[in-house]
*Asks:* 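Questions regarding the structure given below will be posed in turn.
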2 protein chains.
Amino acid sequence: MNRSELGGVRLQGVFENLSDQQVDAVLAAAIVRRHEPGEVVFEQGEEASWFFILLFGRLRVTQVTAEGQQVIVRMVNPGDLFGIAKALNRTDYPGTATAVSASAALVWPMSVWSDFVAQYPGFAQGAMETMGIRLQEAHTRMRELATEEVERRVAHAVLRLGNQAGKKEKDGIRIDFPISKQDIAEMTGTTLHTVSRILTAWENGGLVVSGRQKLLLTDPHRLLLIGDGVVPGLL
Amino acid sequence: MNRSELGGVRLQGVFENLSDQQVDAVLAAAIVRRHEPGEVVFEQGEEASWFFILLFGRLRVTQVTAEGQQVIVRMVNPGDLFGIAKALNRTDYPGTATAVSASAALVWPMSVWSDFVAQYPGFAQGAMETMGIRLQEAHTRMRELATEEVERRVAHAVLRLGNQAGKKEKDGIRIDFPISKQDIAEMTGTTLHTVSRILTAWENGGLVVSGRQKLLLTDPHRLLLIGDGVVPGLL
DNA sequence: TAGTCTCTTTGATCTGTAGCAAACGCAGAG
DNA sequence: CTCTGCGTTTGCTACAGATCAAAGAGACTA
């Protein structure tokens with residue numbers, strides 16, 4: 001087994017440039033934590049005492065506005081480094097991480113962060129890479145929110161979900177964790193009502209099959225066309 | 001003079017942990033480039049051959065969507081590291097940087113990036129800090145775009161401009177570079193028409209004085225209250 | 001000083017999407 | 001198997017803000 005993997009999970013490059021002994025040392029400093037669906041891994045504003053790599057399962061990272069509206073910042077997928085407040089120069093977590101399916105993560109005390117950065121060049125590099133990816137995703141979503149109408153944003157959102165957490169089935173791509181209309185609304189800056197209307201229109205058009213917390217993309221290609229505005233949209 | 005400054009400009013921590021000799025070596029590898037208002041420093045999609053630190057002036061970083069709509073991703077202020085495509089693992093620039101006032105920047109060939117990262121721990125650290133700040137800003141704007149109505153977003157945008165590029169005058173805070181309604185619209189995901197209406201309402205309420213590419217914040221405190229939704233807004 | 005260009009203002013209309021309200025239906029609990 | 005709750009659907013209404021249109025006003029140019 002390649003040491004930059006663990007149980008078949010690619011660890012987002014963080015261990016890429018480490019020797020086997022180094023990987024062992026890093027892993028020795030970690031503990032494993034399991035979380036059931038709905039469990040909170042860490043909470044917005046809480047002191048950032050730990051950072052994590054997700055081994056399996058799925059997390060949702062949210063922020064709440066001053067008025068109490070929730071926004072889903074991103075989903076955390078297996079192999080992802082998360083809870084890295086230190087990389088943002090913060091002492092508290094800027095968001096709340098909640099398990100949406102049964103999950104397990106490697107956990108390190110934040111106190112070892114600086115050591116890891118100092119001792120393992122590949123670690124700092126991996127962390128930077130993670131941030132680069134997130135920054136580009138954030139810019140993409142900013143652009144979408146600023147310029148696209150709701151239906152296109154929803155199309156892009158479900159396609160992203162399909163890429164990150166899609167399980168290929170014979171009749172389409174199934175989103176691999178329970179996802180509600182409310183969730184999709186919080187990813188796209190709209191309401192669950194509008195999401196519901198859009199998805200029923202898509203279902204009638206044969207683009208998706210959606211049920212209670214379930215979503216199957218039956219025609220990703222046409223969804224992409226809608227997302228990119230090449231094609232009018234069904235609502 | 002502190003070596004982490006240059007001409008009084010704080011260089012965003014990038015040189016923070018370097019010795020004087022190291023700073024000299026880094027500076028020796030740089031050239032200086034000047035740009036007049038309207039000049040393009042680098043263009044979206046272009047091969048990323050250089051990275052920069054702004055010495056003085058002001059730049060606007062934009063992205064254009066497939067449909068040709070422009071979005072202002074951020075403003076670049078003196079001391080800021082920018083054009084760091086390498087940190088995003090990219091070979092091209094993801095956006096276009098345009099000078100909005102007479103500017104000068106230190107310029108390094110991108111080929112030295114890896115050397116700097118390898119040789120100067122403080123450099124990597126500074127780059128990471130830069131990305132951390134940008135990531136948080138991007139999340140803030142995502143949240144705003146997803147949850148706030150236009151007037152509040154515009155309030156937040158002009159306050160940000162005031163903080164980054166505000167010159168204190170006796171009757172308020174002047175935005176230190178030419179800024180059009182169109183610009184503000186592209187920062188907030190709206191149209192110049194709506195921005196114009198909002199600003200005239202604010203001007204009537206004594207919150208700002210706005211002219212052709214000019215903006216003076218006369219009551220930042222009330223603007224903050226509007227931005228945070230504590231107070232209704234004037235439109 | 002007139003002329004032109006670009007940025008800005010303002011009015012009138014149109015519409016996408018939020019908000020409200022209520023019914024529906026699947027899924028787990030007892 | 002029924003009860004209960006939460007996620008969902010759907011109709012109706014309201015309005016923020018986009019769009020369309022056109023005039024106004026600084027600022028630079030000849």
Side-chain angles (χ1 to χ4, degrees), chain A residues 36-38 60 65 67-71 100 144-155 157-158 175 177-205 208-216 226 229 232-235, chain B residues 36-38 60 65 67-71 100 144-155 157-158 175 177-205 208-216 226 229 232-235:
Chain A
E36 294 311 307
R60 183 180 47 208
T65 67
E67 290 87 44
Q69 288 182 85
Q70 231 180 29
V71 176
V100 294
E144 288 177 8
L145 285 162
T147 64
E148 297 175 358
E149 66 261 43
V150 174
E151 188 170 357
R152 293 181 54 186
R153 300 206 301 268
V154 173
V158 299
I175 307 305
F177 58 86
I179 175 102
S180 69
K181 319 293 174 207
Q182 177 69 36
D183 290 332
I184 297 175
E186 288 175 7
M187 293 180 195
T188 51
T190 181
T191 62
L192 78 162
H193 307 278
T194 299
V195 171
S196 176
R197 286 181 232 271
I198 290 171
L199 289 186
T200 41
W202 286 354
E203 184 144 16
N204 294 334
V208 303
V209 180
S210 87
R212 186 196 181 80
Q213 310 218 81
K214 283 179 184 14
L215 185 56
L216 179 74
I226 291 176
L234 308 184
L235 227 197
Chain B
E36 293 310 308
R60 183 180 45 206
T65 67
E67 290 86 44
Q69 290 182 81
Q70 229 180 31
V71 175
V100 293
E144 287 176 8
L145 285 162
T147 65
E148 296 176 357
E149 65 261 46
V150 175
E151 188 171 357
R152 293 180 54 186
R153 300 206 301 267
V154 173
V158 299
I175 307 304
F177 57 85
I179 175 102
S180 70
K181 319 294 174 205
Q182 178 70 36
D183 290 333
I184 298 177
E186 288 175 8
M187 293 180 195
T188 52
T190 181
T191 62
L192 78 163
H193 307 277
T194 299
V195 171
S196 176
R197 287 181 230 270
I198 289 171
L199 288 185
T200 42
W202 286 354
E203 184 144 16
N204 294 335
V208 303
V209 179
S210 86
R212 188 194 179 81
Q213 310 221 78
K214 282 180 185 13
L215 185 57
L216 179 73
I226 290 176
L234 308 183
L235 227 196

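Proteins get letters first, then strands, A, B, ... in listed order; numbering begins at 1 in each. No experiment lies behind these values; they were computed from the predicted model shown.
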*Asks:* B:Leu145 has an atom CG; how far is it from atom P of C:dA18, in whole Å?
*Replies:* 14 Å

*Asks:* In the structure I gave you, are the side-chain heavy atoms of A:Ile198 and A:Thr190 within less than 4.5 Å of one another anywhere?
*Replies:* no

*Asks:* What is the separation between atom CG on B:Asp183 and atom C1' on C:dT6, rounded to the nearest whole Å?
*Replies:* 13 Å

*Asks:* Quick one, A:Asn204 and A:Leu234 - any side-chain contact, counting heavy atoms below 4.5 Å?
*Replies:* no

*Asks:* Taking only the side-chain nitrogens and oxygens of B:Ser196, find out if one of them lies under 4.0 Å from OP1 or OP2 of C:dT9.
*Replies:* yes

*Asks:* Does the base of D:dG24 carry an N or O that pairs as donor and acceptor with the side chain of B:Arg212 under 3.5 Å?
*Replies:* no

*Asks:* May I have the distance from B:Lys214 (atom NZ) to C:dT8 (atom C1'), rounded to whole angstrom?
*Replies:* 14 Å

*Asks:* Would you kindly give the CD-to-P distance between B:Glu203 and C:dT9, to the nearest whole Å?
*Replies:* 8 Å

*Asks:* Write down the distance between CG (A:Leu235) and P (D:dG11), rounded to a whole number of angstrom.
*Replies:* 12 Å

*Asks:* Hey, are B:Arg197 and B:Glu151 close enough for a salt bridge, meaning a charged N less than 4.0 Å from a carboxylate O?
*Replies:* no

*Asks:* Is a donor-acceptor contact shorter than 3.5 angstrom present between the side chain of A:Arg197 and the base of C:dG16?
*Replies:* no

*Asks:* OP1, OP2 of D:dA18 versus side-chain N and O of B:Thr194: anything below 4.0 Å?
*Replies:* yes

*Asks:* Starting from P on D:dA18, measure out to CD on B:Gln69 and report it in whole angstrom.
*Replies:* 11 Å

*Asks:* Calculate the interatomic distance between B:Leu199 atom CG and D:dA25 atom C1'; express it in whole Å.
*Replies:* 17 Å

*Asks:* Taking atom types as they are modelled, would you say the side chain of A:His193 forms a donor-acceptor pair with the base of D:dT10 within the 3.5 Å cutoff?
*Replies:* yes

*Asks:* Distance check needed: C:dC5 P versus B:Gln213 CD, whole Å only.
*Replies:* 17 Å

*Asks:* Can a side chain N or O of B:Ser210 be found less than 4.0 Å away from OP1 or OP2 on C:dT8?
*Replies:* no

*Asks:* Take A:Glu148 and B:Leu192, find for each the nucleotide of DNA chain C with the closest heavy atom, and name the residue whose nucleotide sits nearer the 5' end.
*Replies:* B:Leu192

*Asks:* Taking 4.0 Å as the cut-off, does a side-chain nitrogen or oxygen of A:Thr191 come that near to OP1 or OP2 on C:dA18?
*Replies:* yes

*Asks:* Determine, for B:Glu186 against B:Lys181, whether the closest basic-nitrogen to carboxylate-oxygen distance falls under 4.0 angstrom.
*Replies:* no

*Asks:* Side chain of B:Glu149 only, please: which of D:dA18, D:dT9, D:dG17 is the nearest?
*Replies:* D:dG17

*Asks:* So which of A:Gln70, A:Arg60, A:Gln213 actually passes side chain to side chain donor-acceptor pair (under 3.5 Å) with A:Asp183?
*Replies:* A:Arg60

